[in-house]
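Starting from 1, each residue takes its place in the sequence as its number.
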Amino acid sequence: MGPVRLGMLLFILAVYGAWVATPKEEDDDTERLPSKCEVCKLLSLELQEKLSRTGRSREVLELRQVLDTGKRKRHIPYSVSETRLEEALENLCDRILDYSVHAERKGSLRYAKGQSQTMATLKGLVQKGVKVDLGIPLELWDEPSVEVTFLKKQCETMLEEFEDVVGDWYFHHQEQPLQHFLCEGHVLPPAETACLQETWTGKEKITDGQEKTEGEEEEEEEEEEERINTPGHSKRDPEDL
């Protein structure tokens, strides 16, 4: 195909950066490891999401207590039981491996479930016959990246360190969002909470240093498709550009 546009080349470079083990100490958001804020944000989101699945359960647990007067049965609703919390925490951080690095997005929004636009673009190029070399076999493209693996490990470390805080929130402060109680109240200093305010609206994309909307992304993809289908355009390796 003809010359690959700068935006597409940046996509390729961004994905490659996600697989680099040692981040560069630069302001470039395409090559870095997750911040403590991002770890806490995703930990909170995943735990609340797991708890939301069982919050309406009407199951009642029967507990046996040994008192001075002998054994006695006590009934506790599952929805407020320690058992529910323990089950939610079990393998919680393994869920982080379902995330991908969406290197075309800004800040903490780069971590989201599902295939990134970057990876979709690269796979589209491969399907069209373009040679794309990321330094790893094609069958490993969908494996968790260095960033995501690091994110999981930091999630486990943070959960172990603040397990008592999570328990305090569960039993006494669920009127507050966990993200606020845990991250802002215990884990992060005030100057490092900015990522907690970042929400996805479809406009937080990084392309050629500027934000792009989903509509603009689709328009660019259509233009690239037309360029590829134009007679006389030969296929080239992006590395040759």
Q: Could you check whether any side-chain heavy atom of E184 comes within less than 4.5 Å of a side-chain heavy atom of Q179, counting everything from C-beta outward?
A: no

Q: Can you label the angle between the H186 ring and the F181 ring as parallel, tilted or perpendicular, going by 30° and 60°?
A: tilted

Q: Ignoring hydrogens and geometry beyond distance, is a side-chain donor-acceptor pair present between E147 and Y99 at under 3.5 Å?
A: no

Q: If we only count heavy atoms from C-beta on, is the L42 to C155 side-chain gap below 4.5 Å?
A: no

Q: If you look at every heavy atom in W169 and P177, which pair is closest and at what distance?
A: NE1-C, 4.0 Å

Q: Looking only at atom types and distance, does a side-chain atom of K36 sit under 3.5 Å from a main-chain N or O of M158, one as donor and one as acceptor?
A: no

Q: Can you establish whether the number of heavy atoms outside E160 located under 6.0 Å from its atom CD is more than 12?
A: no

Q: Could you report the tightest heavy-atom contact between L182 and S44, atom names first, then the distance?
A: CD2-OG, 3.9 Å

Q: Answer yes or no for C183 and C37: SG-SG distance under 2.5 Å.
A: no

Q: Looking only at heavy atoms, what is the nearest atom pair of A88 and L47, with distance?
A: CB-CD1, 3.8 Å

Q: For S81 and F171, work out which heavy atoms get closest and say how close.
A: C-CE2, 4.4 Å

Q: Ignoring hydrogens and geometry, is there a side-chain-to-backbone donor-acceptor pair from K41 to S108 under 3.5 Å?
A: no

Q: Any Lys/Arg nitrogen of E198 or R105 sitting under 4.0 Å from an Asp/Glu carboxylate oxygen of the other?
A: no

Q: Kindly check if the number of other-residue, nucleotide or ligand heavy atoms within 6.0 Å of CD (Q174) is above 12?
A: yes

Q: Using modelled atom types and a 3.5 Å cut-off, is there a donor and acceptor pairing between side-chain atoms of E38 and backbone atoms of S35?
A: yes

Q: Under a 4.0 Å threshold between the charged nitrogen and the carboxylate oxygen, would E46 count as salt-bridged to K113?
A: yes

Q: For the side-chain contact (heavy atoms from CB on, under 4.5 Å) test, which of L151, V39, V146 pairs with L33?
A: V146

Q: Taking all heavy atoms of T193 and all of P190, pick out the closest pair and write down the distance.
A: OG1-O, 3.2 Å

Q: Decide yes or no for Y170 and L51: does some side-chain heavy atom of the first lie under 4.5 Å from some side-chain heavy atom of the second?
A: yes

Q: Rounded to the nearest 0.5 Å, how far apart are CZ of R110 and CD of E104?
A: 9.5 Å

Q: For the atom pair NZ (K50) and CG (L45), what is the distance rounded to the nearest 0.5 Å?
A: 14.5 Å

Q: Please assess E156 against L43 for the test side chain to side chain contact (heavy atoms under 4.5 Å, CB included), listing each intermediate value before the final yes or no.
A: CA-CA 9 Å; E156 293 170 340; L43 187 162; over 6 Å; no

